[in-house]
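These notes concern the structure reproduced below.
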There are 2 protein chains.
Amino acid sequence: MNERSEIIALSDPQTEGETRRSADSSERAYNTIRKLLVEFKLKPEERINEVQLSRSLGVSRTPIREALNRLASEGFVSLTPNRGFFVRSLSTEGLLDLYELRTIIECAAFRLMCQRAEDDQIERLRAYWTAIVEGYQDHPPDVILAEDEGFHLLIAELSGNPELVHQLSSINARIRFIRRIQIEHRTHDKAQVSSHSAIVEAAMNRDIERGVELLRNHIEMTVSATQQALKDALLKVFAPGDASSKTRRRRA
Amino acid sequence: MNERSEIIALSDPQTEGETRRSADSSERAYNTIRKLLVEFKLKPEERINEVQLSRSLGVSRTPIREALNRLASEGFVSLTPNRGFFVRSLSTEGLLDLYELRTIIECAAFRLMCQRAEDDQIERLRAYWTAIVEGYQDHPPDVILAEDEGFHLLIAELSGNPELVHQLSSINARIRFIRRIQIEHRTHDKAQVSSHSAIVEAAMNRDIERGVELLRNHIEMTVSATQQALKDALLKVFAPGDASSKTRRRRA
DNA sequence: CGTCAAGAAAGTGTCGACACTATTGCGTTC
DNA sequence: GAACGCAATAGTGTCGACACTTTCTTGACG
């Protein structure tokens, strides 16, 4: 029984018993597949079988392919002509590059925010943070992650440049899987909290240099933990006993 | 005869008379449609008719849709559920945001290049520029544009971060249409040339601050010209007599 | 005359099928 | 027994068709 017969329900289960095709299964396929990627249900370097996926999700291959194309331009998967889609690899360098890009975007966003945002907008940032800071460390990992991303996204929004928001969202999605693992480790929660508070303070003082410095440290701090998290991720993904030789190929 | 019956040949015309479907028409559709967008054959805000396009390109709707999905995640077009794809609007703010993002990426790339690149890599940059500087101003606009993009992309490559290359490529593609118009105006060729030379020099001296400053000016210089270019673009696109009221909608 | 509604037309979203390509397994040859 | 090639299988790329949604047209009603 090689056929993986488990049915992965689409995020939004269709409430109707009728077969009538209703809404936008392409969008749902996108969300579902992205989740599979984030959660390592689809493993790095693995070839994605469209037919199998379409059976699992209960839709035809068309919406699957549309979703995969989107995911390809976002960097989640890659497309090799006539061979299909492959899950993005889980290389350390790739991740570090992504973190570096994130730092660049965030620092620039902070700078622009300080230069452009009105006081009441900065106040929104402060309010956002104080609203969640209380129970921050006690929240479940997913919530912490969402709150953290929300904080940084808000800075991007306050920069006044929607492109920055878009870029940051995209980057966040791609590093989310590893961040979640990091957060589960609970390595430096306290440092995170004080970082955020300090960033808010710098924003209120419009102190660009300090804010940029804080952000840089804030992100680089997590980068150091990424190395360890990656090892754990690899262990978690290629379960013990799973001879990963199938995916271990020569690399140019 | 409302049906626009002109056949737009795909970039790579099929040499065989036989109808047999050969290679990757999705990729070709992507390139062709992107060119149509860049050249304003498809006008801003316009709704894209998939059937019409597929007839023009001589392929079915499937590869058209795949191409459009890719173009959507790259920001060339937008997708409204059940209504289809629309050409990205030609708003000034949007373009300025993009230029701003470009400045951010490029300055960061320069910084990283100075910190990381070997001397012989910097030499490659110098060589690239000296190789093209001679006839630079006499080249046709498309060539100038390609050479300029190549120069900046090379800096991104030398930063050692492939993500920066990818981002910059994507940005370039999106602002290419307006840059081409700018270049056709031939406003400040000489300034461009000397900018590039100065940037190379700063790179060889590993003078980050100077290089960043040069880049910032270099790009912002073109931004000022963008305003004018945009007006021209609008005129060019919505030909005289074409009552553009159809596309002129209220904006929030 | 303008407004609105119902029907017609146009267009998108998804499907199943088929052509072509890559991969796997098997038999042949040395 | 190993390397090679060939057939069988699995999988992607594209197509034409159809269901559903939006948009346009037309005609009734105020």
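First the proteins, then the strands, lettered A, B, ... as listed; each starts at 1.
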Separation of [X] atom [atom1] from [N] atom [atom2], in whole Å?
{"X": "A/Leu57", "N": "C/dT14", "atom1": "CG", "atom2": "P", "result": "13 Å"}
{"X": "A/Arg61", "N": "C/dT14", "atom1": "CZ", "atom2": "C1'", "result": "13 Å"}
{"X": "A/Asn69", "N": "D/dT14", "atom1": "CG", "atom2": "P", "result": "10 Å"}
{"X": "B/Phe86", "N": "C/dT12", "atom1": "CZ", "atom2": "P", "result": "9 Å"}
{"X": "A/Asn82", "N": "C/dC20", "atom1": "CG", "atom2": "P", "result": "12 Å"}
{"X": "B/Phe85", "N": "D/dT22", "atom1": "CZ", "atom2": "P", "result": "16 Å"}
{"X": "A/Tyr30", "N": "C/dT14", "atom1": "OH", "atom2": "P", "result": "16 Å"}
{"X": "A/Ile64", "N": "D/dG11", "atom1": "CD1", "atom2": "P", "result": "15 Å"}

Report the nucleotide, chosen from D/dC15, D/dT12, C/dT12, that has the shortest atom-to-atom distance to any side-chain atom of B/Pro63.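 Among D/dC15, D/dT12, C/dT12, the one nearest the side chain of B/Pro63 is D/dC15.
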
Counting side-chain heavy atoms from CB outward, which of C/dT12, C/dT14, D/dT14 is closest to B/Val51? C/dT12

Looking at every heavy atom in both B/Gln121 and B/Leu158, which two are closest together, and how far apart are they? O-CD1, 3.4 Å

Intermediate values then yes/no, side chain to side chain donor-acceptor pair (under 3.5 Å), B/Tyr30 and B/Arg34: CA-CA 6 Å; B/Tyr30 171 81; B/Arg34 212 170 92 153; 3.1 Å; yes

Counting only side-chain nitrogens and oxygens, does [X] get under 4.0 Å of the OP1 or OP2 atom of [N]?
{"X": "B/Thr62", "N": "D/dC15", "result": "no"}
{"X": "B/Asn49", "N": "C/dG11", "result": "yes"}
{"X": "B/Ser60", "N": "D/dT14", "result": "no"}

Which comes earlier along DNA chain D counting from the 5' end, the contact point of B/Arg47 or that of A/Arg47, where each point is its nearest nucleotide?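 Closest to the 5' end, via its nearest nucleotide, is A/Arg47.
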
Just wondering, do B/Leu125 and B/Phe151 contact through their side chains at under 4.5 Å, heavy atoms? yes

Taking the side chain as every heavy atom from C-beta outward, state whether B/His152 and B/Glu106 have any atom pair closer than 4.5 Å. yes

Students often get this wrong, so: under 4.0 angstrom with heavy atoms, is A/Ile48 touching a base, only sugar-phosphate, or nothing?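 Sugar-phosphate contact only.
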
So does B/Val165 get a backbone contact from the side chain of B/Ser169, meaning a donor-acceptor N/O pair under 3.5 Å?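 Yes; judged by distance alone, with no hydrogens or angles, the pair exists.
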
